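Heads up, the thing below is written out as structure tokens.
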There are 2 protein chains.
Amino acid sequence: MPDPPHAVDPVQLGAYFALIEVSDLLRHAIEQQLREDGDLTFVQFQVLMRLSRSPTGSHRMTDLADAIVHSRSGLTYQAGLLAKAGLVTRSPSPHDERSTTVTVTDAGRALIAQVLPGHEQVVSQMLFEPLSRDDARALAGLLEPVRDHMRAAPPRSATPRRRRGRSSSSRGGP
Amino acid sequence: MPDPPHAVDPVQLGAYFALIEVSDLLRHAIEQQLREDGDLTFVQFQVLMRLSRSPTGSHRMTDLADAIVHSRSGLTYQAGLLAKAGLVTRSPSPHDERSTTVTVTDAGRALIAQVLPGHEQVVSQMLFEPLSRDDARALAGLLEPVRDHMRAAPPRSATPRRRRGRSSSSRGGP
DNA sequence: TCTACTTGCTTCGAATTCGAAGCAGGGTTA
DNA sequence: TAACCCTGCTTCGAATTCGAAGCAAGTAGA
């Protein structure tokens, strides 16, 4: 067999690099716009958006964490900031005493309304200006199955280790 | 005019959300694999990869920073870690005394060789498993023009402000 | 040459993120 | 009911990132 089953050909490599760089630049531009227009982080914006789109205006902490951030503690921190700013409220869940329900306030909705036009402008200009309507449809058609595939598949066996910095010789030597 | 020129239609919204989530999940999976296989951050991996691919095995700090990270100080920090681990060396540039040239060491190349198979495996399984060869080509064909467009366009007028957390009433109230 | 501006990098403080550990409420089984 | 495990969230320490400020070397103009 000439190649291992996971070889990445040049075309794939190009798509992979472009994906990484595009999402990186896009995210950076979005963060700047949100900071200028409403003093929001992208994570905070995502939390508020998700709450705003919910029929009840609220979600459980865990559901928000799974959807937006990769750790529970990260959401605890952000929810604390948003609550302190009066953009959300936190209350114990009626059915489960240990669960916390997060709800958008009117101020939160107002802030979303304030930053949303600029947000759409940035996304439109940076991401969709070079893409036709059919291109956008094709892009969605390619990425949505990938997203579903990623959500289904666990990301390998999990055995976290220490990071570089500290622990003098973890691998390559001094 | 019914819509402002930057309106985002549902198809675009789907592509945008999928892009954000795909890159987020992919990056997270990659970071885990690199940590397990070689105790590397994605940023550190990108630095080593870029150096390895250079004919001289070296680059200036600024060029690395522009390509990989969004601040100079961030690269200074990472280069310090990599140098302490013996994966790169830093030396003053011959032509410009204030410029620092970063060069991969043999240990750095060896570490790249060590983590690269796992890296390709993750990218292949997570990103390209649901995509045919033509899909990958189409994805590259869509994203590469977007990347070039983003690199060309400045990200709006730059006027950074403070972030939420501190500065009691920056917007929404107490 | 001298002054002023620019460029390349580092240092510093603050903010964000994560994982591990801890705590309390829920659920299950004997 | 009691013992045990799972679930949901928070607290804590460490690591990473950025922007602002600072410093040294290069460059241009008078």
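What's counted below: heavy atoms across the whole structure, side chains too, no hydrogens, waters or symmetry copies. Lettering of chains follows the sequences in order, A, B, ..., and the numbering in each one begins at 1. These numbers come from a predicted model, not from an experiment.
- In this structure, of C/dT16, D/dG8, D/dT11, it is D/dG8 that holds the atom nearest to the side chain of A/Thr62.
- Linking Ile, Leu, Val, Met, Phe, Trp and Tyr whenever their side-chain heavy atoms come within less than 4.5 Å puts A/Phe42 and A/Leu75 in one cluster.
- Between A/Val88 and the choices A/Leu48, A/Thr101, A/Thr103, the side chain to side chain contact (heavy atoms under 4.5 Å, CB included) rule is met once, by A/Leu48.
- As a whole-Å value, the separation of A/Leu34 CG from C/dT16 C1' is 16 Å.
- In the set D/dC9, D/dG19, C/dG8, the nucleotide with an atom closest to the side chain of A/Arg60 is D/dC9.
- Between A/Arg90 and the phosphate of D/dT10, there is a side-chain N or O to OP1/OP2 separation shorter than 4.0 Å.
- Note: CZ (A/Arg27) to P (D/dC18) measures 12 Å, nearest angstrom.
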**Study point:** CA sep, side-chain torsions, deciding dist, call: A/Leu139, B/Leu143, side chain to side chain contact (heavy atoms under 4.5 Å, CB included)
**Key:** CA-CA 9 Å; A/Leu139 186 61; B/Leu143 290 180; 4.0 Å; yes
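- Atom CG in A/Leu40 sits about 15 Å away from atom C1' in C/dA15, given to the nearest Å.
- The side-chain hydrogen bond (donor to acceptor under 3.5 Å, both in side chains) search around B/Arg60 returns B/Asp63, not counting sequence neighbours.
- Taking atom CG of residue A/Leu75 and atom C1' of nucleotide C/dT16, one finds them 13 Å apart after rounding to whole Å.
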Compile the donor-acceptor pairs under 3.5 Å between side chains in residues 13-22 of chain A and protein atoms, sequence neighbours left out, one pair per line.
unit_1, atom_1, unit_2, atom_2, d
A/Tyr16, OH, B/His119, NE2, 2.8
A/Glu21, OE1, B/Arg151, NH1, 3.3
A/Glu21, OE2, B/Arg151, NH1, 2.9

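- The side chain of A/Gln78 places no N or O atom within less than 4.0 Å of a non-bridging phosphate oxygen (OP1 or OP2) of C/dA15.
- D/dG19 atom C1' lies 14 Å from atom CD of A/Glu31, rounded to whole Å.
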Nucleotides 25-27 of chain C: which of its N/O atoms have a protein N/O under 3.5 Å away?
unit_1, atom_1, unit_2, atom_2, d
C/dG25, N2, A/Arg98, NH1, 2.7
C/dG26, OP1, A/Glu97, N, 3.3
C/dG26, O4', A/Arg98, NH2, 3.4

Exercise for review: Go through the steps to decide whether A/Val123 and B/Gln12 satisfy the test side chain to side chain contact (heavy atoms under 4.5 Å, CB included), and finish with yes or no.
Suggested key: CA-CA 9 Å; A/Val123 171; B/Gln12 289 177 330; over 6 Å; no
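- Nucleotide C/dC23 holds its C1' atom 16 Å from the CZ atom of A/Arg72, rounded to whole Å.
- In the set D/dT10, C/dG19, D/dG19, the nucleotide with an atom closest to the side chain of A/Thr100 is D/dT10.
- Residues from residues 48-56 of chain B that place a heavy atom under 4.0 Å from any atom of DNA chain D: there are none.
- The residue among B/Tyr77 and B/Ser73 whose nearest nucleotide of DNA chain D is located toward the 5' end is B/Tyr77.
- In terms of the salt bridge (Lys or Arg N to Asp or Glu O under 4.0 Å) criterion, A/Asp135 has no residue partners (sequence neighbours excluded).
- For A/Ser99, a side-chain nitrogen or oxygen approaches OP1 or OP2 of D/dC9 to under 4.0 Å.
- As rounded to whole Å, 12 Å separates atom P of D/dT7 from atom CG of A/Asp66.
- Partners of B/Arg147 according to the side-chain hydrogen bond (donor to acceptor under 3.5 Å, both in side chains) rule, which considers only residues two or more places apart in sequence or in another chain, do not exist here.
- Residue A/Gln32 contributes atom CD, which lies 13 Å from atom P of D/dC18 at whole-angstrom precision.
- Clustering ILVMFWY residues whenever any of their side-chain heavy atoms sit less than 4.5 angstrom apart, transitively, puts B/Leu127 in a cluster other than the one holding A/Val11.
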